[in-house]
Amino acid sequence: MNTVVKGIFFNADYQQEGQNSVIRIFVKNHQTSYAFRDPKFKPYFYIIVDQPEKRKKEIMEKKFAEFKIQDIQIVQKKLSPEQNEIPVLKLIFNSTAELKSARDAVMQFEFVRERREYDMPFAKRYRVDSGLIPLNEVTVKYDSETMELLEIKQEEPAKLDLRIGCFDLETHSPDRFSNPELDPILMASYVDEEKEIIWAEKKVNRDYAVLVKNEKELLEKLIETIREQKLDVIGTYNGDSFDLPYIKTRGEKLKVNVGIGCENSQPNIKRRGQENVVEINGLEHVDVYELTKILARFGVVNLIKYDLESVNEALFGEKKEKVKATEINQIWETGKNLERLADYNLEDSRATYRIAKEYLLTWIELGKIVRMPLFEVTRASAGILVEQLLINKSFEQNILLPNLPEEGTIGQRMLQSYEGGFVKEPEHGLHENMVVLDFSSLHPTIMISHNISADTLDCKHKECEEKNKAPTNHYFCTQRKGMLSSILEELFNKRIELKRKLKDLKKDSLEYNKLYARQYSQKILLNSFYGTLGYARFRWYSYECARAVTAYSQQYVKWVAEQAEIEGYKSLYGDTDSVFLKIPETKTQEDVRKFVEQINEKLPGNMNLEIENFYKRGIFVGKKGTEEAAKKKYALMDHKGNLKIVGFEYVRRDWSNIAKRTQKEVLEAVLKEGDTQKAIQIVKKAIQELKDGKVLKEDLKIYTQIKRPLKSYESIGPHVAAAKKAQAKGVRIEVGSVLEYIITRNGKSISDRAELSEFVKEGNYDSDYYIQNQVLPAVIKIINELGYTEEDLIHGGKQKTLSHFFG
DNA sequence: TAATTCGCTAGACCGA
DNA sequence: TCGGTCTAGCGAA
């Protein structure tokens with residue numbers, strides 16, 4: 001019987017039904033979660049041949065595999081954006097297995113010039129071809145007996161209030177890590193808009209606590225709740241590698257069906273590289289931990305550790321207590337302080353929920369732009385996002401995708417690196433009255449303004465060569481817009497328009513938040529394009545384009561500095577897209593504004609120079625071991641007294657707190673107060689504290705990441721040495737873990753003396769190391785700029801003040 | 001199995 | 001034990 005239903009389109013996958021691979025699409029409304037079948041859509045790929053009619057017959061007649069090819073169509077396609085359409089063969093199959101064997105078998109025909117789009121996963125193929133946008137509202141006509149999809153209509157996204165729920169487990173861990181084969185779940189918490197619960201076998205004196213009789217019941221209650229709440233999104237913190245695999249294994253042990261997906265389907269654990277991802281049909285699993293790491297990549301947060309406590313504090317400014325694994329065991333075994341554990345458990349779910357609520361909107365919008373389901377887009381890298389966007393555009397414009405490069409090609413590309421941005425060596429020392437100018441979205445605007453795209457490179461027109469030649473001598477078409485540049489331009493213009501609209505909306509209103517998220521996701525995409533051009537595995541890789549972008553960037557930034565010098569400013573420094581100027585006494589901030597305006601009048605297209613900020617005072621320091629000044633390292637103070645510290649040890653996690661704090665205090669004394677004597681006193685005090693043995697572990701820890709298996713290190717640095725020692729004591733050291741180590745007094749080389757902080761007793765540290773290798777190197781270059789030497793720091797020293805420098 | 005290059009610095013490593 | 005070179009990590013843009 002034909003039935004019609006409205007709902008939200010979530011995702012698509014496929015299933016094997018006998019000989020056929022059949023697409024399923026997941027559509028939900030608040031009553032039901034549907035999985036519709038779309039058997040009419042078949043796997044396919046293209047081949048390019050000279051005589052399509054003839055070759056089609058030949059292939060149809062020849063049996064080149066154990067199956068019969070379902071169909072071959074002759075279709076008109078462009079092989080690339082600048083070419084005309086030509087007929088190509090579309091080979092259609094009943095299953096992905098057939099496609100896979102045919103794409104190899106087809107190479108036996110010498111008339112096959114090329115294969116295209118033969119490696120696109122079937123579900124992704126469907127998402128591209130159907131044009132369905134995840135989380136849009138759809139009206140579906142279907143056969144209620146077979147669940148076969150008859151018609152699907154996409155409507156403008158209506159109001160979207162996704163139901164999000166988060167859960168978190170506390171598990172027993174007699175060893176260092178919980179083993180789901182052996183160790184039970186002790187507690188579970190669940191949080192959504194209306195519910196906050198924890199379940200535990202032991203009585204907990206909290207309103208939100210529910211007593212269960214055993215672990216089985218605990219798991220059943222959790223699953224039941226997730227099902228009852230009819231969620232759209234399930235959020236976890238590290239659920240990809242911990243919580244979801246854990247409940248799956250415990251479920252098998254305890255005979256509990258943990259199917260929380262559509263039609264109670266099980267969480268699907270997939271291997272992706274080194275890690276797990278867990279996908280659930282009809283219920284989007286968002287691992288907020290992964291989301292946080294992406295936020296970090298885009299600079300929303302910058303943390304040493306990405307545990308929930310640190311992230312929660314960084315994002316919301318709220319401290320959250322951490323209960324360590326050993327303590328969890330202890331609480332459970334003694335039955336004392338169960339409330340503490342329960343609170344912690346609940347807070348984890350709450351924090352996860354809060355982060356999801358706050359940031360999901362950005363990924364929802366991003367998912368809509370690139371047409372990726374939430375599950376995918378919350379785990380996607382910059383390269384994936386750009387690729388997906390280009391795939392969609394290519395399909396719309398009837399252009400076949402370029403093939404992925406082969407390993408040999410990738411190797412060649414990787415050998416061929418290219419020159420990047422320009423970094424000027426700064427004028428070291430203290431400077432007063434500065435302005436920093438920078439280009440807004442430099443790389444995207446260069447690509448748009450000069451129409452940089454592989455398909456516009458060195459076109460046939462004489463005129464383009466004359467009018468639009470990059471400093472590399474390659475040029476780009478001025479008559480037809482390039483594929484990449486036009487997508488960028490569209491994104492750019494939409495973003496400008498959105499930002500204009502945002503100005504009229506009330507902050508924190510629903511509409512504001514939605515549009516803000518959209519413009520932010522556009523920004524993410526805009527900034528991701530340039531890098532992919534030089535990425536060896538990218539389908540649209542173009543050395544010439546990548547190089548042209550950086551050549552232009554160098555040209556423009558040098559040009560601005562030159563113009564400024566001509567106008568009477570002194571160019572102090574610049575890095576890639578910025579120019580640091582000293583404003584002469586004869587000029588005002590208004591003059592700077594006028595100067596920038598003049599520059600902008602001369603810049604092409606949508607390129608734009610901005611005033612980043614005015615600074616009262618700034619310092620550039622010398623480089624170690626040479627006379628030169630260090631690049632990418634400076635500190636500035638604006639006219640409100642705000643300090644901006646860039647590149648210094650202060651911003652690096654692989655330096656101890658004591659060194660970082662001392663450096664910051666010194667910079668403050670110098671820039672804010674102009675007090676060099678104070679700066680020196682600060683250093684002396686830190687040295688004294690170290691000597692007295694008073695400094696706490698917290699201020700001595702050095703954080704360094706283990707980036708490869710311990711065995712494969714050629715050079716054993718302190719962090720590797722500490723890791724190896726810890727490993728011998730039974731600590732599991734994983735690739736990617738950030739270690740905290742301290743340099744102790746026990747041993748010869750620095751590595752010998754390095755120990756993981758957890759094994760170091762308070763007070764056991766090498767004060768000499770922390771003075772000579774941490775505090776002094778962090779401050780000496782600054783002190784030098786003030787006219788003092790290391791001698792002055794350790795011994796007496798002469799009297800000088802900043803007036804010495806500024807008259 | 002997923003964007004780029006430029007740059008600083010530490011500390012091991014290695015040969016004289 | 002010295003000094004140059006190399007490995008490694010992290011940050012800026």
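Lettering of chains follows the sequences in order, A, B, ..., and the numbering in each one begins at 1. This structure is a prediction, so every number in the text was calculated from the model and none was measured.
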Indicate whether OP1 or OP2 belonging to [N] is found under 4.0 Å from a side-chain N or O atom of [X].
X	N	result
A/Lys631	C/dA13	no
A/Ser528	B/dA3	no
A/Lys623	B/dC8	yes
A/Lys624	B/dA10	yes
A/Arg708	C/dA8	yes
A/Lys633	B/dT9	yes
A/Tyr634	B/dG7	no

**Q.** Residue pair A/Asp307 / A/Ser310, side-chain donor-acceptor N/O under 3.5 Å
**A.** yes
Q: Go through the side-chain N and O atoms of A/Asp240 and A/Asn276 and say whether any donor and acceptor fall under 3.5 Å apart.
A: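 No.
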Students often get this wrong, so: under 4.0 angstrom with heavy atoms, is [X] touching a base, only sugar-phosphate, or nothing?
X	value
A/Tyr713	sugar-phosphate
A/Arg537	nothing
A/Ser417	sugar-phosphate
A/His719	sugar-phosphate
A/Trp655	sugar-phosphate

May I have the distance from [X] (atom [atom1]) to [N] (atom [atom2]), rounded to whole angstrom?
X	N	atom1	atom2	answer
A/Asp119	B/dT1	CG	P	15 Å
A/Phe648	C/dG11	CZ	P	15 Å
A/Arg297	C/dC10	CZ	C1'	16 Å
A/Tyr535	B/dT1	OH	P	10 Å
A/Glu649	B/dG7	CD	P	18 Å
A/Leu525	B/dA3	CG	C1'	12 Å
A/Gln772	B/dA10	CD	C1'	15 Å
A/Arg547	B/dA3	CZ	P	22 Å

**Q.** A/His428 NE2: over 12 foreign heavy atoms closer than 6.0 Å
**A.**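 Counting neighbours around NE2 of A/His428, 12 or fewer heavy atoms of other residues, nucleotides or ligands fall under 6.0 Å, so no.
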Q) More 5' along DNA chain B: A/Val423 or A/Gly531, using each one's nearest nucleotide? A) A/Gly531
Q | Option from A/Tyr615, A/Tyr573, A/Phe648 for which ring pair (Phe, Tyr, Trp, His ring centres under 6.0 Å) with A/Tyr634 holds | A |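 Exactly one option meets the ring pair (Phe, Tyr, Trp, His ring centres under 6.0 Å) with A/Tyr634, and it is A/Tyr573.
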Q) Out of A/Phe529, A/Tyr530, A/Phe492, which one pairs with A/His443 under the ring pair (Phe, Tyr, Trp, His ring centres under 6.0 Å) rule? A)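 The ring pair (Phe, Tyr, Trp, His ring centres under 6.0 Å) with A/His443 is passed solely by A/Tyr530 among A/Phe529, A/Tyr530, A/Phe492.
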Closest to side chain of [X], choosing from [options]:
X	options	answer
A/Tyr418	B/dT9, B/dG7, B/dT4	B/dT4
A/Glu419	C/dA8, B/dC6, C/dC10	B/dC6
A/Asp575	C/dG11, B/dT9, C/dA13	C/dA13
A/Asp577	C/dG9, B/dT4, C/dA13	C/dA13

Q) Quick check: does any side chain N or O of A/Tyr306 sit under 3.5 Å from a backbone N or O of A/Leu303, one acting as donor and the other as acceptor? A) yes
Q: Before giving the answer on salt bridge (charged side-chain N to carboxylate O under 4.0 Å, His left out), spell out for A/Lys393 and A/Glu490 the whole-Å C-alpha distance, their side-chain angles and the decisive distance to 0.1 Å.
A: CA-CA 12 Å; A/Lys393 286 288 168 186; A/Glu490 190 186 330; 3.3 Å; yes
Q. Mind checking the C1' distance from C/dA12 to B/dA3? Whole angstroms is fine.
A.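 Each nucleotide's C1' atom is 16 Å from the other's.
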Q. Any N or O donor-acceptor pair linking the side chain of A/Arg653 to the base of C/dC10 at under 3.5 Å?
A.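 Per atom types, no contact qualifies.
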Q) Could A/Arg413 and A/Tyr543 be counted as a cation-pi pair, given that NZ or CZ must be under 6.0 Å from the ring centre and within 45° of the axis? A) no
Q) Closest heavy-atom contact between A/Leu99 and A/Tyr118? A) CD2-O, 3.7 Å
**Q.** Summary of protein contacts for nucleotides 11-16 of chain B, nucleotide by nucleotide, where a base hit scores B, a sugar-phosphate-only hit scores S (4.0 Å, heavy atoms)
**A.** SSS---
